[in-house]
Amino acid sequence: SQTIHQWPATLVQPVGSPLSLECTVEGTSNPNLYWYRQAAGRGLQLLFYSVGIGQISSEVPQNLSASRPQDRQFILSSKKLLLSDSGFYLCAWRDRDSYNEQFFGPGTRLTVL
Amino acid sequence: DQQVKQNSPSLSVQEGRISILNCDYTNSMFDYFLWYKKYPAEGPTFLISISSIKDKNEDGRFTVFLNKSAKHLSLHIVPSQPGDSAVYFCAASDGHSGNTPLVFGKGTRLSVIA
């Protein structure tokens with residue numbers, strides 16, 4: 001069966017510090033991968049998605065970037081965090097070229113102070 | 001422009017009664033719709049889906065209805081239980097593959113009161 005991992009689960013970082021959140025998927029190949037953010041009291045905002053290694057689509061211009069160095073690994077990064085980067089970050093995967101549902105990871109709670 | 005709208009940010013229902021969560025969409029190219037349930041500090045979990053070729057899909061206590069002419073779908077939970085208290089997200093997809101990202105509504109917080 002497929003599983004999706006995210007780490008760390010929680011993170012407290014000072015403003016201006018770098019960020020690296022990692023997501024890995026097991027039990028599937030060639031998945032589409034997604035990064036979402038849920039700010040406090042808000043909905044799910046799609047940040048990036050990837051349909052293959054090295055292929056990244058950005059949905060919202062911002063302080064963040066994403067990379068996909070391996071088929072089942074998706075990384076969210078920032079060189080300098082802002083207060084507004086605080087939120088709950090979710091990674092998700094979906095079978096490519098299929099009509100299946102999308103599966104989410106457990107999330108990372110990021111607090112920027 | 002919000003393509004998927006959940007106009008009720010919150011809903012309270014008595015235990016045992018029916019919960020009806022609504023969702024409207026504007027993109028006529030959407031042909032696959034999903035509902036997700038989210039507890040605090042957890043990732044959303046898939047609940048139920050419906051293809052545009054159907055108008056109803058049922059799974060246990062959960063039923064999703066689709067009205068394509070009105071561009072409206074709803075999730076019915078019968079009977080509602082306290083464990084159903086969560087945020088529910090409606091999502092839609094245009095295209096016949098998983099390559100198109102799902103478009104999510106802003107969610108409706110359901111509170112089931114014992």
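Everything quoted here is computed from the prediction, not taken from an experiment. Letters A, B, ... mirror the listed sequences (proteins, then strands); counts begin at 1.
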*asked:* Tell me whether B:Arg17 at atom CZ has more than 12 heavy atoms from other residues, nucleotides or ligands lying less than 6.0 Å away.
replied: no
_Other residues, nucleotides and ligands only: do more than 12 of their heavy atoms fall within 6.0 Å of CZ on A:Arg109?_
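Correct, the count exceeds 12.
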*Indicate yes or no: at least one non-hydrogen side-chain atom of A:Gln38 is less than 4.5 angstrom from one of B:Phe104.*
no
*asked:* Measuring only between side-chain heavy atoms, which start at C-beta, is B:Ser93 closer than 4.5 Å to A:Glu101?
replied: no
Linking I/L/V/M/F/W/Y whenever any side-chain heavy atoms sit under 4.5 Å apart, do [X] and [Y] land together?
X: A:Leu11; Y: A:Leu76; value: yes
X: B:Ile18; Y: B:Ile48; value: no
X: A:Val112; Y: A:Tyr36; value: no
X: B:Ile20; Y: B:Ile77; value: no
X: A:Val15; Y: A:Leu110; value: yes

How long is the gap from [atom1] on [X] to [atom2] on [Y], to the nearest 0.5 Å?
X: A:Phe103; Y: B:Tyr36; atom1: CZ; atom2: OH; value: 7.0 Å
X: A:Leu44; Y: B:Lys106; atom1: CG; atom2: NZ; value: 10.0 Å
X: A:Leu90; Y: B:Lys38; atom1: CG; atom2: NZ; value: 6.0 Å

*Does any heavy atom of chain B fall under 4.5 Å from the side chain of A:Gln6, the backbone, both, or neither of them?*
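No part of it gets close to chain B.
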*Is chain B contacted by the side chain of A:Leu46, its backbone, both, or neither, given a heavy-atom distance below 4.5 Å?*
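Only the side chain of A:Leu46 comes within 4.5 Å of chain B.
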*asked:* On a heavy-atom basis, which atom in B:Gly43 and which in A:Phe88 lie closest, and how many Å separate them?
replied: N-CE2, 4.5 Å
*Side chain A:Tyr34, main chain B:Leu102, donor-acceptor under 3.5 Å*: no
_Close aromatic pair by centroid cut-off 6.0 Å: A:Phe104 and B:Phe46_ = no
